[in-house]
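Contents: one structure, followed by commentary.
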Amino acid sequence: MSALGPARYGKDNVRVLKVERDAKTGTQTVVEMTVCVLLEGDIETSYTKADNSVIVATDSIKNTIYITARQNPVTPPELFGSILGTHFVEKYNHIHAAHVNIITHRWERMDVDGKPHPHSFIQPGAETRDVQVDVVEGKGIAINSAIKGLTVLKSTGSQFWGFLRDEYTTLKETWDRILSTDVAANWQWRQFANVAEVKADVGKFNAAYEAARKITLKTFAEDVSASVQATMYKMGEQILAAAPLLETVEYSLPNKHYFEIDLSWHKGLKNTGKDAEVYAPQSNPNGLIKCTVARAGQKAKL
Ligand SMILES: O=c1[nH]c(=O)c2[nH]c(=O)[nH]c2[nH]1
């Protein structure tokens, strides 16, 4: 005998572009998203008894994403995700939770002849702004917001020394190294009761995102880094201080190594230590450093 464990289903990779047109100024704005909606509820019989009557078709879920995007603001994504998730829980009695994931792709306004262009944009890289919104009947709305794929590098201002040395250690201590990472940071909001509560705090989502991005970049650039660990903790502390509604901030940072190349075998060519100019970027393996920063007295769940 077997029994169904946790089960959810829905539509993933729903790609949406919304154009907002300001009739007065003639300026247009675009928002491009990749959306996933997964539903939970009294859907057990669809798995165990081939009972399709409880299934809101994933095709209908896709249609609902388009319609909700047409009828509501899609920014901030935290609000759009709350509206979208709440729709499913309120519309269908047997659906008790909706899990919405939104990846927002960056489109930056193009500058032409030094002026912001009204309707042309550039995609600057792989960086995205992501949200995970979980709407659970009777419990409210849990929101986690994130930056992903923000690739940064500094060519000095990073050290790594004083680490544990034993019979497994070959790494030399360094007081000057290249530091590079793809930033993945996310921050957990305090629980919201409903969409009205999310709306009441609507200005805080973009503000927290801007603050998190700015703090991440400024700290990366300015900190004389003792390690990835020490620098990321400084970032997390500052974000918690800047946004009181956040409970935790989490970072996951690959340490993308750039190795010095000893070229002394070639006519004594100096290319190490103070003389290093040409480095070998490594694709793997890479360090991977993670942490969750919580407010003192509230230890983060791992
Ligand atoms: O910032 C670092 N943290 C580490 O844990 C580590 N380990 C390592 O080999 N290099 C580094 N750098």
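Note that ligands are numbered from 1 as they come in the structure, with each ligand's atoms numbered from 1 the same way.
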Exercise. Do Asp176 and Thr156 get their side chains close enough for a donor-acceptor pair, meaning under 3.5 Å?
Worked result: yes
Seminar exercise, completed: Taking only non-hydrogen atoms of Val228 and a 4.0 Å limit, the atoms of ligand 1 in range are 1 (O), 2 (C)
Exercise. Looking only at protein heavy atoms, which one is nearest to atom 9 (O) of ligand 1, and how far off is it?
Worked result: Leu171 CD2, 3.4 Å
For this session: Heavy-atom contacts with Gln229 under 4.0 Å: which atoms of ligand 1 show up? List them by number with element.
Result: 1 (O), 2 (C), 3 (N), 4 (C), 5 (O)
Problem set entry | Mode of Arg177 contact toward ligand 1 - side chain, backbone, both, neither (heavy atoms, under 4.0 Å) | side chain
For this session: State, without any angle test, whether Thr169 and Asp166 hold a side-chain donor-acceptor pair at a distance under 3.5 Å.
Result: yes
For this session: Using a cut-off of 6.0 Å, state whether more than 12 heavy atoms not belonging to Lys148 lie near its atom NZ.
Result: no
Exercise. In the protein, which heavy atom is nearest to atom 6 (C) of ligand 1, and how far is it?
Worked result: Phe160 CZ, 3.3 Å
For this session: Have a look at Lys234 and tell me which of Ile239, Thr219, Ile215 forms a side chain to side chain contact (heavy atoms under 4.5 Å, CB included) with it.
Result: Thr219
Exercise. Would you say the side chain of Ser82 lies within less than 4.5 Å of the side chain of Phe192, judging by non-hydrogen atoms?
Worked result: no
For this session: Report, in ascending order of atom number, the atoms of ligand 1 lying under 4.0 Å from any heavy atom of Ser227.
Result: 1 (O)
